[in-house]
Amino acid sequence: MNALGLLRQRFASALHVWVDNPDASISDKSETAGPVLDEKTIQSLVELVLPSQDARFGDYQANCPMPLGKRLGRPPREVAEQLVGRLQIDDFCEPPTIAGPGFINVRLKDSWLIGQLQKAVTDDQRLGVHPVASPRTYVVDYSSPNVAKPMHVGHIRSTVIGDAICRVLKFLGHRAISDNHIGDWGTQFGMIIYGYKHFVDEAAFQEDTVAELSRLYQLVNGLVEYHDIRDQQLPALEQKITEQQQKVEQAEGALDPGATPAVTPPKEQKKAAKRMRQAKSQLAEYRQQLADLQKKLAHVEDHPQRAAMAAAHADIRASALAETAALHEGDATNVSLWKRFLPPCLAEIDETYQRLGVTFDHALGESFYHDQLAGVVASLTEKGLVRESDGAQCVFLQESQAPLIVQKQDGAYLYATTDLATIQYRMRTWSPDAILYVVDHRQSLHFRQLFTTARLWAYPDVELEHISFGTVLGEDGKPYKTRSGTAVGLSGLLNEAVSRAHAIVSANDDGRPEPMLSADQRRQVAQRIGIGAIKYADLAHNRTSDYVFSYDKMLAMTGNTAAYMQYSYARVRSIFSRGEVDIRALRTLAAPLGLDSPAERALAMTLLQFSEALERVASDYRPNHLTNYLFQLASRYSEFFEQCPVLKADSP
RNA sequence: GCACCCGUAGCUCAAUUGGAUAGAGCAUCGGACUACGAAUCCGAAGGUUACAGGUUCGACUCCUGUCGGGUGUACCA
């Protein structure tokens with residue numbers, strides 16, 4: 001149990017006096033003494049015991065006297081005094097003080113702090129962090145790339161955040177099962193199969209299967225897009241522009257520059273002006289979109305070979321879909337192609353995971369659930385949740401106008417169906433208390449619909465969470481894309497980070513009187529710094545907000561970055577080695593510790609709050625609490641070294 | 001149109017979920033290198049938390065409205 005947990009426990013028993021003995025709170029008006037605290041209230045009051053934000057207020061503070069005073073109808077400071085009177089914490093805390101409107105400030109005893117620290121030092125596996133008393137079972141669903149499409153920048157967050165959450169849960173003693181829900185059965189396979197049948201370059205396929213499949217995917221997808229733009233998007237957009245032009249004209253009509261305030265109130269004029277502005281900017285956006293689409297068309301049409309290809313495959317969209325459908329129906333050729341394509345694609349993805357140091361307990365892709373989908377729809381129908389609409393099987397919910405479609409007009413199933421089958425499988429296999437989906441925020445509606453449906457269907461109690469995160473932006477503040485507008489490939493991203501790290505490492509080493517790193521060592525250090533920088537930058541941002549991707553910032557030696565954390569660690573190790581300190585001996589020795597300077601005590605305090613940081617990560621699934629903690633810890637080390645040159649100290 | 005998310009220092013981001021004087025890094029200014037790792041450290045300056053109301057002991061956080069931005073919205077995943 002960490003200090004915070006211990007304190008909360010003691011506060012809880014002190015607060016219980018009001019439950020067990022309601023009269024205790026009553027000095028004069030025993031008749032009207034209604035307010036007996038229930039367990040839930042006590043729980044919420046106990047949660048108001050928190051680490052202090054400011055060292056002047058001690059180590060921890062209890063903010064509960066204010067709400068409690070309100071509830072009891074008595075001055076908070078009086079309640080605080082009574083609470084302090086009942087609080088038994090003198091075995092590990094200094095006498096608490098009351099401040100301000102009724103804050104109770106608590107300072108841990110140095111002797112207790114030292115004792116805890118010694119325990120942590122000798123516990124090199126868990127650093128003094130106790131496993132949770134009641135472990136839960138979690139399924140964590142993250143990364144989920146589409147096979148056959150190269151992984152891109154969009155996959156980094158899900159992969160890294162999901163992995164971090166899973167590790168933290170496991171370390172805290174929970175049962176956490178990671179499951180990579182790979183997209184290995186969708187429309188993109190139809191495209192690849194179509195591409196293979198019509199455009200494959202056999203030599204290239206033998207040489208580098210994944211690269212050739214990726215080329216085929218992009219080729220077919222490009223052709224599908226071309227026809228889609230030409231036949232659907234462009235006419236629709238032109239229609240929109242015409243309508244928008246009319247809107248602008250109307251808005252202009254409503255805007256009467258000669259209007260007198262008497263006839264048209266200023267407020268109305270302002271509104272009209274605003275509508276006008278908005279209509280115009282919308283029109284400009286549509287025109288921009290039009291230009292983009294025309295550029296894409298020109299890319300094909302101005303290129304005789306591509307144009308010929310597009311003309312020869314006019315029905316490519318339908319044909320590719322037909323290939324997907326054939327695969328799903330068990331067509332022998334397509335299934336055997338799928339079986340050939342899948343392993344090299346998975347190997348490619350695994351390589352990226354290895355570079356990132358990310359692992360999974362399971363990787364049950366969409367194809368795994370294929371034969372369960374009909375059963376899901378049947379079961380939903382049986383429960384009366386499904387209604388047919390326009391030939392599709394739909395679940396209508398309050399969440400939105402649009403239903404959750406579980407079976408298309410043509411009988412095919414969708415990802416909603418697969419997701420439901422996945423929930424069913426996970427519940428049957430692992431009976432989790434919670435299933436976490438680490439997926440970007442654009443899918444929030446889908447998950448709301450999915451979760452509601454799952455609860456109505458069969459699983460009312462499981463905690464289903466969409467752990468959403470924001471978009472990765474370029475330095476221009478727009479979604480991070482290459483200049484040609486396609487998503488930035490993940491492996492190229494990692495390469496770039498490593499090569500920049502290599503340049504920095506080399507420059508620094510060359511700057512020394514005598515360079516100390518071999519070429520091999522430089523490469524190894526660059527790997528660690530480059531990959532670490534990307535992962536850390538991702539984890540350090542509050543996951544719900546978008547964040548700006550910047551190599552310079554993530555590789556900076558100062559601030560809350562991986563490189564700085566690695567520097568700090570190296571510095572500590574370096575001091576150990578200069579002082580010829582044997583770390584293993586130190587761990588078993590349990591040498592006597594002293595907390596003589598404020599910087600030393602602050603460092604000790606922060607070290608012991610590691611478990612609190614982990615608990616915060618787990619409670620709302622935000623790894624940035626952990627990076628914040630690490631940055632704070634690194635700062636405390638640096639302050640400590642500044643003030644206490646340990647190698648020059650008289651006593652060990 | 002409807003729904004969801006966001007708006008914090010010049011820039012990039014925090015803020016323990018309603019707690020005391022809103023914190024870091026970059027950039028700016030001023031200090032510290034015969035260095036326990038200067039690949040750094042210490043300090044200064046920088047804020048009406050988009051705006052206007054409300055709720056209460058107490059609001060960046062909750063509620064209402066306004067302004068600005070993003071995302072999603074019937075058979076892709």
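Letters go in sequence order (proteins before strands), and every chain restarts at 1. Heavy atoms only: backbone and side chains are in, while hydrogens, waters and symmetry mates are out.
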message: So A/A412, base contact, sugar-phosphate only, or nothing? Heavy-atom distance under 4.0 Å.
response: nothing

task: Go through B/G37, B/A14, B/U73 for me and flag the one nearest to the A/S574 side chain.
output: B/G37

Geometric cation-pi criterion, A/R543 with A/F469: 6.0 Å, 45°: no

task: Could you verify whether a donor N or O on one side chain and an acceptor N or O on the other, from A/D419 and A/H446, lie under 3.5 Å apart?
output: yes

query: NA contact type, A/Q632, heavy-atom cut-off 4.0 Å: base, sugar-phosphate, or nothing?
result: nothing

field: A/E399-A/T452 side chain donor-acceptor pair, cut-off 3.5 Å
entry: yes

query: Base, sugar-phosphate, or nothing: which does A/P76 touch, judged by heavy atoms less than 4.0 Å apart?
result: nothing

message: Taking 5.5 Å and 30° as the limits, would you call A/F103 and the base of B/A20 a stacked pair?
response: yes

- request: Establish whether the base of B/U21 is bridged to the side chain of A/R56 by a donor-acceptor pair shorter than 3.5 Å.
  value: yes

- request: Tell me which nucleotide among B/A38, B/U73, B/A77 gets nearest to the side chain of A/L445.
  value: B/U73

message: For the C1' atoms, the ones on B/G43 and on B/C5, what distance do you get once it is rounded to whole angstrom?
response: 39 Å

- prompt: What distance, rounded to whole Å, do you find between the two C1' atoms, one in B/A74 and one in B/C63?
  reply: 34 Å

field: Polar contact flag, side-chain donor to acceptor under 3.5 angstrom, A/N2-A/Q609
entry: no

- prompt: How is A/N624 classified with respect to the nucleic acid when contacts are heavy atoms under 4.0 Å: base, sugar-phosphate, or nothing?
  reply: sugar-phosphate

field: Strand partner of B/G30, provided both Watson-Crick or wobble distances fall under 3.5 Å
entry: B/C42

query: How far, in whole Å, is B/G46 from B/C26 if one measures between their C1' atoms?
result: 13 Å

message: Taking any heavy-atom pair under 4.0 Å as a contact, classify A/R571: base, sugar-phosphate, or nothing.
response: base

field: Side-chain-base donor-acceptor pair under 3.5 Å for A/S389 and B/A74
entry: yes

message: Any strand counts, and the cut-off is 3.5 Å on both contacts for Watson-Crick or G-U wobble. Which nucleotide pairs with B/C11?
response: B/G25

query: Which listed nucleotide (B/G37, B/G19, B/A14) is nearest to the side chain of A/Q53?
result: B/G19

message: Can you tell me which nucleotide in B/U73, B/G37, B/A77 comes closest to the side chain of A/Y415?
response: B/A77

task: Check every strand shown and say whether A/F396 touches a base, only sugar-phosphate, or nothing at a heavy-atom separation below 4.0 Å.
output: base

query: Less than 5.5 Å between centroids and less than 30° between ring planes, does A/F57 satisfy that with B/A20?
result: yes

message: Rounding to an integer number of Å, can you tell me how far A/L450 CG sits from B/A77 P?
response: 14 Å

task: Scan A/L50 against the nucleic acid and name what it touches under 4.0 Å (heavy atoms): base, sugar-phosphate only, or nothing.
output: sugar-phosphate

task: Find which nucleotide of RNA chain B each of A/T471 and A/N508 is nearest to by heavy atoms, and output the residue with the more 5' nucleotide.
output: A/N508

task: Check whether more than 12 heavy atoms from other residues, nucleotides or ligands sit under 6.0 Å from atom CZ of A/R317, and answer yes or no.
output: no

- prompt: Of all the choices, B/A74, B/A38, B/G19, which nucleotide is nearest to the side chain of A/Q61 once you look at every atom?
  reply: B/G19

message: Does either side chain, that of A/N542 or that of A/T544, offer a donor lying less than 3.5 Å from an acceptor on the other one?
response: yes

- prompt: Parallel under 30°, tilted from 30 to 60°, perpendicular over 60°: which one fits the rings of A/Y629 and A/F610?
  reply: tilted

task: For B/U48 versus B/U34, give the span between their P atoms, rounded off to a whole number of Å.
output: 42 Å

task: For the side chain of A/E642, starting at C-beta, report the closest nucleotide among B/C76, B/A74, B/C42.
output: B/C42

field: B/C67 to B/G30 separation - C1' atoms, rounded to the nearest Å
entry: 41 Å

- prompt: Any side-chain donor paired with an acceptor under 3.5 Å for A/Q188 and A/N146?
  reply: yes

message: What's the gap between B/A35 and B/A45 when it is taken at their P atoms, as a whole Å value?
response: 32 Å

query: Is the shortest side-chain N/O distance from A/N542 to OP1 or OP2 of B/A15 below 4.0 Å?
result: yes

statement: The answer to which of A/P51 and A/T544 contacts RNA chain B further toward the 5' end, by nearest nucleotide, is A/T544

message: Would you measure the distance from the C1' atom in B/G54 across to the matching atom in B/A15 and give it in whole Å?
response: 24 Å

query: So what does A/Q443 hit on the nucleic acid, given a heavy-atom distance under 4.0 Å: a base, only sugar-phosphate, or nothing?
result: base

field: Any-strand Watson-Crick or G-U partner of B/C76, both distances under 3.5 Å
entry: none

- prompt: At under 4.0 Å between heavy atoms, what does A/N560 touch on the DNA or RNA strands: base, sugar-phosphate, or nothing?
  reply: nothing

task: Report yes if a side-chain nitrogen or oxygen of A/Y547 is closer than 4.0 Å to either non-bridging phosphate oxygen (OP1 or OP2) of B/C6; otherwise report no.
output: no

query: Using purine N1 to pyrimidine N3 plus N6-O4 or O6-N4 for Watson-Crick, or N1-O2 and O6-N3 for G-U wobble, both under 3.5 Å, which nucleotide pairs with B/C4?
result: B/G70

- prompt: So which nucleotide from B/C13, B/A77, B/C4 ends up closest to the side chain of A/S444?
  reply: B/C4

Minimum-distance nucleotide (side-chain atoms of A/R616 versus B/C4, B/C36, B/U16): B/U16

Separation of the P atoms in B/C4 and B/U66, to the nearest angstrom: 15 Å

task: Find the partner of B/C62: check Watson-Crick (N1-N3 plus N6-O4 or O6-N4) and G-U wobble (N1-O2, O6-N3) distances, both under 3.5 Å, and reply none if neither fits.
output: B/G54

task: Ignoring the backbone of A/F631, work out which of B/A24, B/A74, B/C13 is nearest its side chain.
output: B/A24

- prompt: Side chains of A/S400 and A/Q449: do they bring a donor and an acceptor to under 3.5 Å?
  reply: yes

- prompt: Contact class for A/T558 vs. all strands (heavy atom < 4.0 Å): base, sugar-phosphate, or nothing?
  reply: sugar-phosphate

task: Using a 4.0 Å heavy-atom cut-off across all strands, classify A/R622 as base, sugar-phosphate, or nothing.
output: base

message: What contact category does A/D440 fall into here, base, sugar-phosphate, or nothing, at under 4.0 angstrom with non-hydrogen atoms?
response: nothing

- prompt: Think A/S545 has a side-chain N or O under 4.0 angstrom from the OP1 or OP2 of B/A14?
  reply: yes

message: Can you say whether a donor on the side chain of A/D419 sits under 3.5 Å from an acceptor on the base of B/A77, or the other way round?
response: no

field: A/N628, nearest nucleotide to its side chain (from B/A14, B/U71, B/C42)
entry: B/A14

